[in-house]
Q: 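If you scroll down you'll find the structure; I have some questions about it.
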Amino acid sequence: MWGLGFRWLLLLLLAFAAAVELEARFVVEKNSLMVTSPTALRGRHDSAIGNFGIPQYGGSMAGAVVYPKGNSDACEAFNSGRKEHLFRTKPGALPSFLLIDRGNCLFAKKVWNAQYAGASAVLVVDDKDEPLITMDLLQEDDEAAKYIQNISIPSALIDKKFGEQLKKAVKDGEMVNVNLDWREAVPHPDNRVEYELWTNSNDECGPKCDMLMHFLKEFKGAAQLLEKGGYSQFTPHYITWYCPQAFVVSKQCKSQCINHGRYCAPDPEQDFSTGYDGKDVVVENLRQLCVFNVANEIKKPWIWWDYVTDFHIRCPMKEKKYNKKCAETVIKSLGLEVKKIDKCMGDSNDDSDHPLLKMEQDSQIGKGSRGDVTILPTLVVNNRQYRGKLGRKAVLKAICAGFEETTEPNVCLSDDMETNECLSDNGGCWQDNAANVTACRDTFRGRVCECPTFNGVQFKGDGYSNCEPAGPGKCLINHGGCWHETRNGKTFSACQESGDQNCKCPAGFRGDGVKKCDDIDECKERKACQCPECSCRDTWGGYDCTCSGDLLYIKEHDTCISKTTVQAKAAWAAVWGILVALVIVAAGSYVVYKYRLRSYMDSEIRAIMAQYMPLDSQGEVPNDPHEDHPLAH
């Protein structure tokens with residue numbers, strides 16, 4: 001009995017040390033709650049986001065407040081009678097926000113019962129006059145795990161005074177409508193999100209660890225897409241505690257800590273006599289930190305996600321494979337150097353600070369708007385702690401809410417993230433039915449009215465009432481919104497590909513170029529075909545001009561000339577063309593003749609001279625010593 005009591009005492013001391021280290025500066029993450037009716041209660045209030053369910057980060061929800069006549073604490077199921085889904089939203093009505101009292105059971109159980117009864121959101125009224133707190137689980141068991149894994153609606157805690165006002169208004173028969181707003185719950189300053197996950201390699205710590213491991217596998221693909229595309233910067237973190245100085249040399253501290261009690265983790269099985277020790281967890285946590293650092297050095301930080309998921313699958317505690325040998329097998333399979341990771345980890349028996357683990361302990365203490373990290377696991381997005389279910393869709397929505405509006409990457413616009421508001425009346429945005437172009441774009445935040453780029457053509461405008469094509473190719477899209485008309489297979493358009501004016505009536509028309517361009521009667525207005533011999537007939541977009549007799553109309557000069565004159569001029573032009581061609585041919589022939597004659601003469605001269613003297617191209621002939629010299633006789 002004493003041994004078991006000592007073990008629990010040590011766990012409490014470790015927890016106390018952690019509390020001292022972190023200075024207990026826990027920040028309650030809040031969202032805005034706006035009462036829109038009744039008028040007497042209209043105004044904005046704070047509410048604390050529950051650490052389960054799915055808050056609608058980046059969006060908002062409007063609903064009607066309902067306070068149950070019985071089971072006001074929602075600790076019992078609402079469908080125990082004949083009425084199932086009592087609070088399900090009726091067609092055409094606002095969603096039901098169930099108002100319930102705090103106390104008598106777990107927060108998660110209350111929200112689960114409300115969700116099962118059809119509520120769209122839950123507002124829990126505090127039963128104490130105190131600052132807002134974060135609703136979380138005080139215990140981890142199978143019952144609690146069932147709730148947190150299946151809750152999919154948002155919940156929030158409101159203060160006692162405000163809650164009592166809402167309850168009174170509902171009881172008095174007033175229509176109470178509120179709006180829950182999470183749009184500012186996560187800062188969204190620019191087109192990149194920085195987020196971190198405080199996690200643990202221990203896979204035997206109960207339902208929360210099971211949920212964490214499931215999340216890592218489920219979210220890995222989205223995380224790697226964000227990181228590879230340069231849209232996010234992710235950093236993993238690991239919580240450690242120190243052993244109280246009085247127990248550093250104890251057997252229990254030695255089994256749970258490394259570096260002489262500086263970095264500790266609770267025993268995985270909460271039993272010091274069997275299984276793995278806390279120090280095994282600390283060592284693997286450190287290894288995972290080093291994997292991230294080494295992967296980051298080669299510009300591939302996303303490999304961390306592969307390592308932690310592969311390690312969980314291949315090296316579980318249950319199969320007694322949670323060790324260095326198995327870890328190194330995973331490291332090698334991912335193409336990382338084991339030596340670099342070993343060097344990063346150092347010696348766990350050193351009586352000194354480890355730079356990485358010391359940095360981790362310092363990082364646990366909150367800075368700026370971020371509170372201390374006291375809940376494991378904890379997700380931090382743009383320096384703001386996430387609250388809610390640790391699920392792929394919920395977390396991705398929170399991360400996407402961290403992007404500046406309209407800069408979200410495509411992963412934020414997948415089918416399971418879109419709100420599909422554009423399907424209803426085009427979302428109230430501009431639309432060109434003829435060209436099948438719309439400014440409505442669905443996002444996880446809701447629809448956005450933004451002039452699109454279509455077939456390489458950029459539209460510009462406010463996105464709501466006006467979008468006009470601009471730049472090269474604009475006339476290919478519905479003639480750039482300008483006037484156009486087709487008659488007898490002939491089309492005229494007022495669209496201008498270049499120039500300052502977007503729409504200008506073409507030659508032969510006059511008008512505003514947008515709504516109309518009227519044909520100009522060049523004949524009636526005496527704008528053309530005005531020579532004495534000319535006969536004018538107006539056509540759509542132009543005119544036909546003919547000349548009397550054998551005269552021919554020259555449009556450029558608006559005059560008629562004799563066909564024989566034209567033919568004579570053409571004949572003389574042909575003659576002169578032939579003469580010029582003959583001259584060119586003769587000159588060319590003469591040049592060729594001169595060249596060939598010169599070449600022939602050069603070759604003849606060289607042949608004659610070769611008979612009397614050696615040429616440069618011939619070698620000198622030596623004298624024959626046996627030949628008689630003429631002077632010798």
Side-chain angles (χ1 to χ4, degrees), residues 14-27 194-203 205 208-209 212-213 216 223 233-245 248 253 256-268 277-297 301 303-305 307-308 311-312 322 324 327 331 340-386 390:
L14 286 171
F16 173 76
V20 173
E21 179 74 20
L22 295 177
E23 302 176 4
R25 198 179 72 85
F26 181 82
V27 174
E194 298 176 2
Y195 71 107
E196 55 194 58
L197 177 66
W198 289 83
T199 180
N200 193 1
S201 64
N202 181 4
D203 60 7
C205 61
K208 275 204 170 182
C209 279
L212 171 61
M213 297 304 169
L216 291 173
Q233 179 179 316
F234 168 75
T235 307
H237 290 290
Y238 295 82
I239 293 179
T240 61
W241 299 273
Y242 66 83
C243 187
Q245 188 63 38
V248 167
C253 262
Q256 310 310 308
C257 310
I258 65 173
N259 293 74
H260 286 248
R262 287 177 173 83
Y263 313 107
C264 311
D267 188 278
D277 295 324
K279 69 178 182 180
D280 297 320
V281 176
V282 180
V283 169
E284 179 54 34
N285 288 349
L286 176 58
R287 182 178 288 110
Q288 294 186 5
L289 278 172
C290 288
V291 165
F292 177 77
N293 279 13
V294 171
N296 204 26
E297 288 175 1
I303 292 179
W304 178 89
W305 291 91
Y307 176 79
V308 295
F311 180 82
H312 175 66
Y322 187 91
K324 180 180 180 180
I331 291 170
K340 284 189 176 182
I341 292 169
D342 287 343
K343 182 180 179 181
C344 169
M345 294 180 67
D347 188 350
S348 62
N349 294 316
D350 285 348
D351 186 8
S352 60
D353 287 332
H354 189 286
L356 271 183
L357 292 177
K358 182 66 169 64
M359 191 183 302
E360 290 298 287
Q361 285 187 343
D362 293 341
S363 297
Q364 288 173 228
I365 301 173
K367 296 177 179 63
S369 61
R370 197 212 80 187
D372 298 341
V373 177
T374 58
I375 299 174
L376 190 67
T378 290
L379 181 74
V380 180
V381 181
N382 284 352
N383 208 38
R384 193 72 60 83
Q385 289 192 26
Y386 166 85
L390 204 63

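These numbers were taken from a predicted model, which means no experiment stands behind them.
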Q: Check side-chain contact (heavy atoms from CB on, under 4.5 Å) between Cys290 and all other residues, then give those that pass, not counting sequence neighbours.
A: Leu286, Ile341, Cys344, Met345, Leu356

Q: Are the sulfur (SG) atoms of Cys257 and Cys264 separated by under 2.5 Å?
A: yes

Q: Under the salt bridge (charged side-chain N to carboxylate O under 4.0 Å, His left out) test, which residues partner Glu360, sequence neighbours left out?
A: none

Q: Under the side chain to side chain donor-acceptor pair (under 3.5 Å) test, which residues partner Asp277, sequence neighbours left out?
A: none

Q: Can you name the residues that form a side-chain contact (heavy atoms from CB on, under 4.5 Å) with Glu194, not counting sequence neighbours?
A: Arg192, Gln233, Asn382

Q: Tell me every residue that passes ring pair (Phe, Tyr, Trp, His ring centres under 6.0 Å) with Tyr238, counting only those two or more places apart in sequence or in another chain.
A: none

Q: Measure the shortest side-chain to side-chain distance between Val248 and Tyr242 over non-hydrogen atoms and say whether it is less than 4.5 angstrom.
A: no

Q: Does the side chain of Leu390 come within less than 4.5 Å of Leu212's, by heavy atoms?
A: yes

Q: For Tyr307, which residues count as a side chain to side chain donor-acceptor pair (under 3.5 Å) partner, sequence neighbours excluded?
A: Glu284

Q: Run the side chain to side chain donor-acceptor pair (under 3.5 Å) test against Lys358 and tell me which residues pass, sequence neighbours left out.
A: Asp362

Q: Less than 4.5 Å apart, side chain to side chain, heavy atoms only: is that true for Leu289 and Leu357?
A: yes

Q: Is the closest side-chain heavy-atom distance between Ser201 and Asn285 below 4.5 Å?
A: yes

Q: Just do the side-chain contact (heavy atoms from CB on, under 4.5 Å) check on Ile331 and Val294 with the steps written out, would you?
A: CA-CA 11 Å; Ile331 291 170; Val294 171; over 6 Å; no

Q: Kindly write out the residues that satisfy side chain to side chain donor-acceptor pair (under 3.5 Å) with Asn202, not counting sequence neighbours, or none if the list is empty.
A: none

Q: Considering only residues two or more places apart or on different chains, which pairs with a residue in residues 340-351 satisfy side chain to side chain donor-acceptor pair (under 3.5 Å)?
A: Arg262-Asp351

Q: What closest approach, in Å, do His354 and Gly346 show between heavy atoms, and which atom pair accounts for it?
A: NE2-N, 4.4 Å

Q: Using the ring pair (Phe, Tyr, Trp, His ring centres under 6.0 Å) criterion, which residues pair with Phe234? Sequence neighbours excluded.
A: Tyr195, Trp304, Trp305

Q: Search all heavy atoms of Gln385 against all heavy atoms of Thr378 and return the closest pair with its distance.
A: OE1-CG2, 3.8 Å

Q: Could you tell me which residues satisfy ring pair (Phe, Tyr, Trp, His ring centres under 6.0 Å) with His237, sequence neighbours excluded, listed by chain and number?
A: Trp198

